[in-house]
Number of protein chains: 2
Amino acid sequence: MSKPIEVAIVDDHTVLREGLRKLFVEDQKKRFEVIGDFGNGSDFLDYLKKKSCDVVVMDIHMPIRGGESTVELIHKKIPDVSVVILTMNTRNYMMEFMVKLGVYAYLPKESGSEEIKNSVLSARDKKMFFNRLLTAEKYKLIKNGRKEPSGLTLREQFITSLVASGLNTVEIAEKINLSPSTVSKHRENIMKKTQCSNIAELVTFAYQHQILELTPR
Amino acid sequence: MSKPIEVAIVDDHTVLREGLRKLFVEDQKKRFEVIGDFGNGSDFLDYLKKKSCDVVVMDIHMPIRGGESTVELIHKKIPDVSVVILTMNTRNYMMEFMVKLGVYAYLPKESGSEEIKNSVLSARDKKMFFNRLLTAEKYKLIKNGRKEPSGLTLREQFITSLVASGLNTVEIAEKINLSPSTVSKHRENIMKKTQCSNIAELVTFAYQHQILELTPR
DNA sequence: TTTCACATACGTATTTATACGTATTTTTTG
DNA sequence: CAAAAAATACGTATAAATACGTATGTGAAA
């Protein structure tokens with residue numbers, strides 16, 4: 001092992017950042033160097049303007065700038081930075097979205113330490129890391145482009161999930177860096193395709209097509 | 001400070017358990033002793049059959065046995081164990097549910113280290129710990145009694161179910177022979193009570209409170 | 001009995017969603 | 001490469017929801 005892998009951590013959960021940091025710092029083989037941890041995507045992107053980073057371990061759900069738009073920006077502007085997603089959002093459409101943006105691993109939050117370390121090693125080498133959530137089979141399916149059972153495109157599914165989780169058009173536009181007009185047009189198309197005539201019906205549609213998940217109580 | 005507080009950690013996120021453990025173990029004043037960490041509620045309940053514990057820091061969303069039923073069982077059978085909730089489920093109904101089961105703190109996942117430690121100290125002394133999510137005001141409101149689990153009157157629940165199933169104000173008025181103004185006022189009250197800020201959130205609320213049922217496809 | 005929660009009802013101003021049309025750019029696919 | 005599909009964006013008009021205030025009748029509980 002020549003030089004340690006420069007790892008960044010992006011998650012709004014303070015304790016989890018600490019846990020990840022510890023995991024990398026205390027690696028027996030000294031393979032990692034944590035170059036920073038950040039509470040949102042925005043801070044990390046600021047960091048990247050000045051300094052470098054090999055692999056970033058990132059959550060999706062964050063305030064200010066969520067994982068979606070952060071990964072999108074990294075993918076477009078700084079493709080050298082490899083992304084590993086570590087999240088409790090295990091929905092298929094999100095995984096698909098992230099895989100298409102070139103992330104190298106998609107880990108559920110109950111992943112063990114070794115799994116996380118190995119995914120970072122894979123990502124450093126620009127190699128896909130597979131696990132129970134993102135299997136090689138699923139990866140192939142996504143890459144070979146399959147038809148969505150819901151009839152919605154990926155973008156549409158994504159916006160559906162945001163509408164159904166209670167954001168309005170302007171909030172969605174801000175969240176994923178689009179013009180409100182565009183979001184509005186997507187919503188129009190979504191309503192037509194799903195044959196929903198209002199938001200309430202769309203939320204039910206989202207639950208029934210696993211675009212949203214009902215957290216059991 | 002006589003003897004250290006026996007703290008247990010229950011969360012399905014491995015890295016987060018590590019982070020919490022570190023936080024308690026590395027306390028300057030040696031006030032805590034982590035007596036175990038568990039990946040689900042079931043394992044923790046098993047532990048409690050044999051050994052003791054002062055305070056448990058617990059997530060809600062977990063496989064096998066989630067926080068809801070775990071806290072419910074602790075509350076009924078082992079009320080000596082104080083519970084601190086640390087979660088990303090910031091929904092009011094969940095907070096209300098947990099407060100009614102006697103948890104001493106309800107922390108969002110972005111809480112800082114000191115906040116978490118202080119909440120455990122409070123819980124050890126059987127004192128409520130308040131923060132931006134669970135304020136003293138909210139706590140009073142919950143304690144001084146909303147009756148319905150949903151907080152809604154029967155009429156309001158009925159109208160909620162109609163709104164959530166996709167009817168608009170005029171359609172609802174026609175369906176149950178009311179003036180649209182009345183329906184509108186009910187809707188206003190419903191939104192206030194449920195603290196929903198739009199229809200999408202209300203639909204989710206309806207599913208979560210069994211006001212609506214999701215028919216499997 | 002009188003207070004209180006609930007259900008009823010109206011008015012009004014503001015915000016948000018919906019439903020059209022149009023058009024350019026990007027990505028995918030045959 | 002060419003065609004098709006998807007994603008982007010704007011304008012404009014109408015419909016609906018939302019958030020206030022106010023008021024009245026009714027039945028149950030303190």
Side-chain angles (χ1 to χ4, degrees), chain A residues 68-69 72-73 75-77 93 96-97 99-102 141-148 150-203 205-206, chain B residues 141 144-148 150-203 205-206:
Chain A
E68 312 90 343
S69 66
E72 212 163 356
L73 276 169
H75 174 65
K76 277 186 191 157
K77 300 196 174 168
Y93 81 93
E96 196 174 331
F97 182 75
V99 165
K100 287 196 168 157
L101 286 181
L141 273 178
I142 293 170
K143 282 289 162 181
N144 300 339
R146 83 193 128 163
K147 268 230 146 184
E148 285 313 312
S150 64
L152 299 177
T153 67
L154 208 51
R155 196 53 151 178
E156 284 164 349
Q157 282 186 64
F158 194 12
I159 287 174
T160 300
S161 80
L162 297 176
V163 172
S165 67
L167 301 187
N168 67 29
T169 298
V170 174
E171 288 167 337
I172 294 170
E174 279 166 2
K175 191 173 176 82
I176 57 178
N177 289 315
L178 283 184
S179 149
S181 327
T182 306
V183 175
S184 177
K185 178 50 97 179
H186 278 303
R187 291 183 67 151
E188 192 185 322
N189 297 335
I190 288 164
M191 297 308 253
K192 206 178 275 173
K193 272 194 191 178
T194 59
Q195 308 208 41
C196 290
S197 53
N198 53 57
I199 296 177
E201 286 176 12
L202 188 69
V203 176
F205 178 93
Chain B
L141 271 178
N144 303 339
R146 277 169 263 184
K147 282 156 230 151
E148 296 304 316
S150 62
L152 300 177
T153 67
L154 272 178
R155 196 56 156 172
E156 284 165 347
Q157 283 185 59
F158 191 25
I159 287 174
T160 299
S161 77
L162 298 177
V163 172
S165 66
L167 302 186
N168 67 29
T169 299
V170 175
E171 289 166 337
I172 293 171
E174 280 166 2
K175 192 176 176 78
I176 56 179
N177 289 315
L178 283 183
S179 151
S181 327
T182 307
V183 175
S184 176
K185 181 48 104 179
H186 277 303
R187 291 183 66 153
E188 190 184 325
N189 295 334
I190 289 164
M191 297 306 255
K192 207 178 273 173
K193 273 194 190 176
T194 59
Q195 308 211 37
C196 289
S197 50
N198 52 58
I199 297 178
E201 284 176 13
L202 188 69
V203 176
F205 178 94

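Convention: sequence-line order gives letters A, B, ...; per-chain numbering from 1. Just so it is clear, the structure is predicted and the values come from calculations on it, not from any experiment.
Rounded to whole Å, atom P of C/dA9 lies 16 Å from atom CD of B/Glu188. As a whole-Å value, the separation of A/Leu202 CG from C/dA17 C1' is 12 Å. Atom CD in B/Glu156 sits roughly 7 Å away from atom P in C/dC6 (whole-Å rounding). As rounded to whole Å, 11 Å separates atom P of C/dT27 from atom CG of A/Leu101. Distance A/Leu154 CG to C/dT26 C1': 15 Å, rounded to the nearest Å. The NE2 atom of A/His186 sits 16 Å away from the P atom of C/dA17 (whole-angstrom rounding). Taking atom CE on A/Met191 and atom C1' on C/dA19, their separation rounds to 11 Å, with Å as the unit. Distance, B/Arg187 CZ to C/dA7 P: 16 Å, rounded to whole Å.
Within the 4.5 Å cutoff, the side chain of A/Asn198 has no heavy atoms near those of the B/Ile199 side chain. Residues A/His186 and A/Thr153 are not in side-chain contact: their nearest non-hydrogen atoms beyond the backbone lie 4.5 Å or more apart.
Heavy-atom distances under 4.0 Å link DNA chain D to A/Leu178, A/Ser179, A/Ser181 of residues 160-181 of chain A, given in residue order.
Partners of A/Ala164 according to the side chain to side chain contact (heavy atoms under 4.5 Å, CB included) rule, which considers only residues two or more places apart in sequence or in another chain, are A/Val203, A/Ala206, A/Leu212.
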Under 3.5 Å, which donor-acceptor pairs do the side chains of residues 174-184 of chain A form with other protein atoms, sequence neighbours left out?
from     : atom 1 : to       : atom 2 : distance (Å)
A/Ser179 : OG     : A/Ser181 : N      : 3.0
A/Ser179 : OG     : A/Ser181 : OG     : 3.1

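Of all nucleotides in DNA chain D, those with any atom nearer than 4.0 Å to a heavy atom of chain A start and finish, going 5' to 3', at D/dA6 to D/dC10.
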Extract from the structure each pairing of a protein N or O with an N or O of nucleotides 12-15 of chain C at less than 3.5 Å, listing the distance.
none

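For A/Asn189 against A/Glu156, the heavy-atom pair with the smallest separation is CB-OE2, 3.8 Å. Residues A/Val163 and A/Leu202 approach most closely at CG1-CD2, 3.9 Å, considering heavy atoms. B/Leu167 and B/Arg187 make their closest contact through O-NH1, 4.4 Å (heavy atoms, listed as atom of the first residue, atom of the second, distance). Summarising the geometry of A/His75 relative to A/Leu101, their closest heavy-atom pair is ND1-O, 2.8 Å, with the distance given to 0.1 Å.
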Test side chain to side chain contact (heavy atoms under 4.5 Å, CB included) applied to B/Glu171 and B/Asn168, step by step: CA-CA 5 Å; B/Glu171 289 166 337; B/Asn168 67 29; 3.4 Å; yes
Stepwise side chain to side chain contact (heavy atoms under 4.5 Å, CB included) test for A/Met191 and A/Phe205: CA-CA 10 Å; A/Met191 297 308 253; A/Phe205 178 93; over 6 Å; no
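An end-to-end axis angle of 60° holds for the helix from C/dT1-D/dA30 to C/dG30-D/dC1, taken from five base pairs per end and rounded to 10°.
Between the OG atom of A/Ser161 and the CD1 atom of A/Ile172 there is a distance of 8.0 Å, given to the nearest 0.5 Å. Here the straight-line distance linking atom CD1 of A/Ile159 with atom CD of A/Gln157 works out to 11.5 Å at 0.5 Å rounding.
A/Lys192 comes within 4.0 angstrom of nothing in the nucleic acid, heavy atoms only. Nucleic acid contact class of A/Asn189 (heavy atoms, under 4.0 Å, all strands): none.
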